[in-house]
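Each remark here refers to the structure printed beneath this line.
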Amino acid sequence: MRKLVLAAAMIAAMPVAASAADAEAGKAVFGKCKACHQIGEGAKNAVGPMLTGIVGKKAGAAEGFNYSEAVKASGVTWDEAALKEWLTDPKKKIAGNKMVFMGLKDAADIDNVIEYLKTAK
């Protein structure tokens with residue numbers, strides 16, 4: 001009986017473990033973003049704004065970056081939900097923004113990138 005309970009507990013825990021976001025995997029996916037964005041110590045604005053510390057900040061807040069009026073007026077705060085929407089479809093999240101990225105299609109990639117963004121402060 002004890003083995004049966006243990007097996008059931010392990011099976012129940014598997015989806016949780018499989019869905020946990022992975023910052024290292026997110027760092028690899030962020031490679032798609034590096035053409036325009038920098039992150040981490042010494043990061044600077046480039047084609048896109050630097051993203052160090054972006055989680056929890058207001059959209060359009062990176063000093064010295066020339067944001068579109070749409071982003072500046074959006075009122076968006078980059079929490080996990082807003083980042084998920086943005087990374088899925090930037091044009092849908094904030095219509096009229098200048099970003100030329102079609103979005104990430106894999107939900108795990110999006111979660112992992114967000115987890116990676118959370119590590120860069």
Side-chain angles (χ1 to χ4, degrees):
M1 181 67 163
R2 194 177 296 183
K3 287 181 183 179
L4 182 60
V5 171
L6 180 58
M10 289 174 64
I11 290 170
M14 285 174 63
V16 173
S19 67
D22 179 348
E24 279 303 309
K27 183 176 183 179
V29 176
F30 188 81
K32 298 176 182 181
C33 311
K34 284 180 132 181
C36 298
H37 297 282
Q38 293 183 20
I39 191 168
E41 190 174 328
K44 297 178 178 121
N45 293 324
V47 173
M50 72 91 181
L51 299 177
T52 306
I54 192 72
V55 179
K57 283 190 178 174
K58 293 278 185 196
E63 253 185 71
F65 187 77
N66 185 23
Y67 289 95
S68 65
E69 289 303 318
V71 171
K72 288 192 276 188
S74 70
V76 169
T77 297
W78 294 123
D79 59 15
E80 286 190 44
L83 284 165
K84 280 184 185 193
E85 291 177 46
W86 176 262
L87 291 169
T88 300
D89 188 349
K91 295 293 182 194
K92 184 176 178 185
K93 176 63 180 166
I94 302 176
N97 78 73
K98 299 186 291 188
M99 191 159 136
V100 226
F101 181 66
M102 299 307 292
L104 298 171
K105 302 307 171 207
D106 184 278
D109 284 350
I110 292 167
D111 289 342
N112 292 338
V113 166
I114 293 169
E115 197 63 26
Y116 174 61
L117 291 172
K118 288 197 257 179
T119 68
K121 298 179 180 181

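All heavy atoms count here, side chains included; hydrogens, waters and symmetry mates do not.
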Counterpart residues, ring-ring contact (aromatic ring centres under 6.0 Å, His included), relative to Y116 (two or more places apart) = F30

Minimum-distance pair of heavy atoms, taken over all atoms of A70 and I94 | O-CG2, 3.6 Å

Take atom NZ of K91 as the centre, draw a 6.0 Å sphere, and report whether it contains more than 12 heavy atoms from other residues, nucleotides or ligands.
-> yes

Can you name the closest pair of heavy atoms from P90 and N97 and give their distance?
-> O-ND2, 2.9 Å

Mind checking whether L104 and T88 have side chains closer than 4.5 Å, heavy atoms only?
-> no

Between the main-chain N or O of I39 and the side-chain N or O of T52, is there a donor-acceptor pair closer than 3.5 Å?
-> no

Approximate separation, where rounding is to 0.5 Å, of I114 CD1 and W86 CH2 | 13.0 Å

Can you measure from CG (D111) to CG (D109) and round to the nearest 0.5 angstrom?
-> 9.0 Å

Value for CG (L51) from SG (C33), rounded to nearest 0.5 Å, stands at 7.5 Å

Do M50 and F101 share a hydrophobic cluster, counting only Ile, Leu, Val, Met, Phe, Trp and Tyr and linking them when any side-chain heavy atoms are less than 4.5 Å apart?
-> no

L83 side, atom CG; I54 side, atom CD1 - distance, nearest 0.5 Å | 7.0 Å

Which atom pair, heavy atoms only, marks the closest approach of T77 to A82?
-> O-CB, 3.3 Å

In Å and rounded to the nearest 0.5 Å, what is the CH2 to NZ distance from W78 to K84?
-> 14.5 Å

Quick note, side chain to side chain donor-acceptor pair (under 3.5 Å) partners involving residues 27-48, not counting sequence neighbours, are none

Decide yes or no on side chain to side chain contact (heavy atoms under 4.5 Å, CB included) for E24 and E115, but give the supporting numbers first.
-> CA-CA 9 Å; E24 279 303 309; E115 197 63 26; over 6 Å; no

Between N112 and A25, is there a donor-acceptor pair closer than 3.5 Å when you use the side chain of the first and the backbone of the second?
-> no

Student check: side-chain heavy atoms of V76 and K58 closer than 4.5 Å = no

Count the heavy atoms of every other residue, nucleotide or ligand shown that sit under 6.0 Å from NZ of K105, and state whether that count exceeds 12.
-> yes

Just checking, is any N or O donor in the side chain of S68 or K98 under 3.5 Å from an acceptor N or O on the other one?
-> no

Measure the shortest side-chain to side-chain distance between D79 and V55 over non-hydrogen atoms and say whether it is less than 4.5 angstrom.
-> no

If you look at every heavy atom in C36 and A46, which pair is closest and at what distance?
-> O-CB, 3.5 Å

Would you find a donor on one side and an acceptor on the other, under 3.5 Å apart, between the side chain of Y67 and the backbone of A73?
-> no

